Trainee: 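Have a look at the structure that comes next, please.
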Amino acid sequence: MNERGKIIIIVAPSGTGKSTLIKRLKEEFRELHWSVSFTTRKMRPGEVDGKHYFYISREEFIKKKDQGDFIEWAEVHGNYYGTSLGFVSTKIDNGFSLLFDLDVQGADNMKAQFGEEARAIFISPPSIETLEERLRGRGTDTEDVIKLRIDNARSELKRCHDYDYVVVNDQLEQAYQDLREIVEDILKN
Ligand code: ADP
Ligand code: 5GP
């Protein structure tokens, strides 16, 4: 029988640099598969249905949730996101390791269900001021959205020591090296 795949969860407040770091991880660790979640948010330019997310309506989402199709689900910044039980079980049971990008609620729920089998890495910005600069610098969000994300970040940052590892994304290259060492270690053990 195959050895079960590993569960690696990246959790970070919006604007920390999570997407930048995950992109590099995906390029380097080809054996890591991406956990494709379901979402009710609109597809962004460049995204592909079934690759980045499975995009569904709110009605379809609620139906799937009621049927027990999700391991966990959460409302994040006004949209629903859910981790698919079928998708994850098939991959893990067949020995494929999965990389997850979850908010703190999702990471908590995965840890509650998978315990030590799920390894969660919290990415922290060096400070709230730096996070704010990055959100503004990215230029993708309105002032209201930026304020909401900073408020959420303040409470999420209080949780930074509740996970298995913390990486501070100050200098990008150093943060990536710290992250890749952790991921290598998880995949080896
Ligand atoms: P998230 O996915 O966490 O919301 P992004 O990866 O989109 O964050 O990063 C937010 C912005 O900060 C982007 O413009 C990105 O290029 C920039 N950024 C990421 N990491 C660093 C870093 N270490 N130093 C400076 N800017 C960074
Ligand atoms: P985005 O819309 O920018 O892709 O993601 C927004 C937020 O939703 C991110 O913080 C991401 O971690 C979170 N997220 C994405 N998929 C899931 C999921 O399946 N479950 C949970 N709980 N959060 C998710």
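Remember, it's 1-based here, ligands and their atoms both numbered in the order they're listed. This one's a predicted model, so the numbers in the text were calculated from it and none came from an experiment.
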Trainee: Among protein heavy atoms, which lies nearest atom 10 (C) of ligand 1, and at what distance?
Mentor: G15 O, 3.7 Å
Trainee: Students should be able to answer this: which protein heavy-atom is nearest to atom 16 (O) of ligand 1, and at what distance?
Mentor: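 It is T20 OG1, 4.2 Å.
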Trainee: Non-hydrogen atoms of H52 versus ligand 2: any pair closer than 4.0 Å?
Mentor: no
Trainee: Have a look at ligand 1 and work out which part of I22, if any, has a heavy atom under 4.0 Å from it: side chain, backbone, both or neither.
Mentor: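 Neither part.
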Trainee: Say whether R41 and ligand 2 are in contact under the criterion: heavy-atom distance to a ligand atom below 4.0 Å.
Mentor: yes
Trainee: Could you pull out, from V36, D103, N152, T83, the option with a heavy atom nearest to atom 23 (N) of ligand 2?
Mentor: D103
Trainee: For K64, is there an ion pair with E60 - N to carboxylate O distance below 4.0 angstrom?
Mentor: no
Trainee: Let me know which of I7, I10, I8 forms a side chain to side chain contact (heavy atoms under 4.5 Å, CB included) with F100.
Mentor: I7
Trainee: Does G137, backbone or side chain, put an N or O under 3.5 Å from an N or O of ligand 1?
Mentor: no
Trainee: Determine whether the side chains of T140 and R138 contain a donor N or O and an acceptor N or O closer than 3.5 Å.
Mentor: yes
Trainee: Do the side chains of E143 and K147 get close enough for a salt bridge, i.e. N-O under 4.0 angstrom?
Mentor: yes
Trainee: Nearest protein heavy atom to atom 9 (O) of ligand 1, by residue and atom, and its distance?
Mentor: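 Checking every protein heavy atom, the shortest distance to atom 9 (O) of ligand 1 gives G17 CA, 3.5 Å.
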Trainee: Show the atoms of ligand 2 that are less than 4.0 angstrom away from any heavy atom in G106.
Mentor: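 Counting atoms of ligand 2 from 1, those under 4.0 Å from G106 are 22 (N).
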Trainee: Test of understanding: given a 4.0 Å heavy-atom threshold, classify the contact between V76 and ligand 2 as side chain, backbone, both, or neither.
Mentor: side chain
Trainee: Out of Y53, F70, W73, whose heavy atom sits nearest atom 5 (O) of ligand 2?
Mentor: Y53
Trainee: With the threshold set at 4.0 Å, does a side-chain nitrogen-carboxylate oxygen contact exist between R119 and E116?
Mentor: yes
Trainee: Where the closest heavy atom to atom 25 (C) of ligand 1 is concerned, which of R134, R138, R149 has it?
Mentor: R134
Trainee: Of all the heavy atoms in G82, does at least one lie under 4.0 Å from an atom in ligand 2?
Mentor: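 The answer is yes, since G82 has a heavy atom less than 4.0 Å from ligand 2.
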Trainee: Hey, is K18 touching ligand 2 through its side chain, its backbone, both or neither, going by heavy atoms under 4.0 Å?
Mentor: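 Near ligand 2, K18 shows its side chain, while the N, CA, C and O stay back.
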Trainee: Looking just at side-chain N and O atoms, do D178 and Q174 make a donor-acceptor pair shorter than 3.5 Å?
Mentor: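 A pair is found: one side chain offers a donor N or O, the other an acceptor, under 3.5 Å apart.
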Trainee: For ligand 2, does M110 get within less than 4.0 Å through its side chain, its backbone, both, or neither, judged by non-hydrogen atoms?
Mentor: neither
Trainee: If we ignore angles and hydrogens, is there a donor and acceptor under 3.5 Å between the side chains of E181 and Q177?
Mentor: no
Trainee: May I ask whether A175 has any heavy atom positioned less than 4.0 angstrom from an atom of ligand 1?
Mentor: no
Trainee: What residue and atom, counting heavy atoms only, is the protein's closest point to atom 6 (C) of ligand 2, and at what distance?
Mentor: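 I find the closest protein heavy atom is Y81 OH, 3.5 Å.
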Trainee: Does a side-chain N-to-carboxylate-O contact under 4.0 Å join K111 and D162?
Mentor: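 So K111 does not pair with D162 through a salt bridge.
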Trainee: What part of E72 sits under 4.0 Å from ligand 2 if we count only heavy atoms: the side chain, the backbone, both or neither?
Mentor: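 It is the side chain that gets close, since no backbone atom is under 4.0 Å.
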Trainee: Would you find a donor on one side and an acceptor on the other, under 3.5 Å apart, between the side chain of D164 and the backbone of A120?
Mentor: yes
Trainee: Would you say ligand 1 has an N or O under 3.5 Å from any N or O of N169?
Mentor: yes
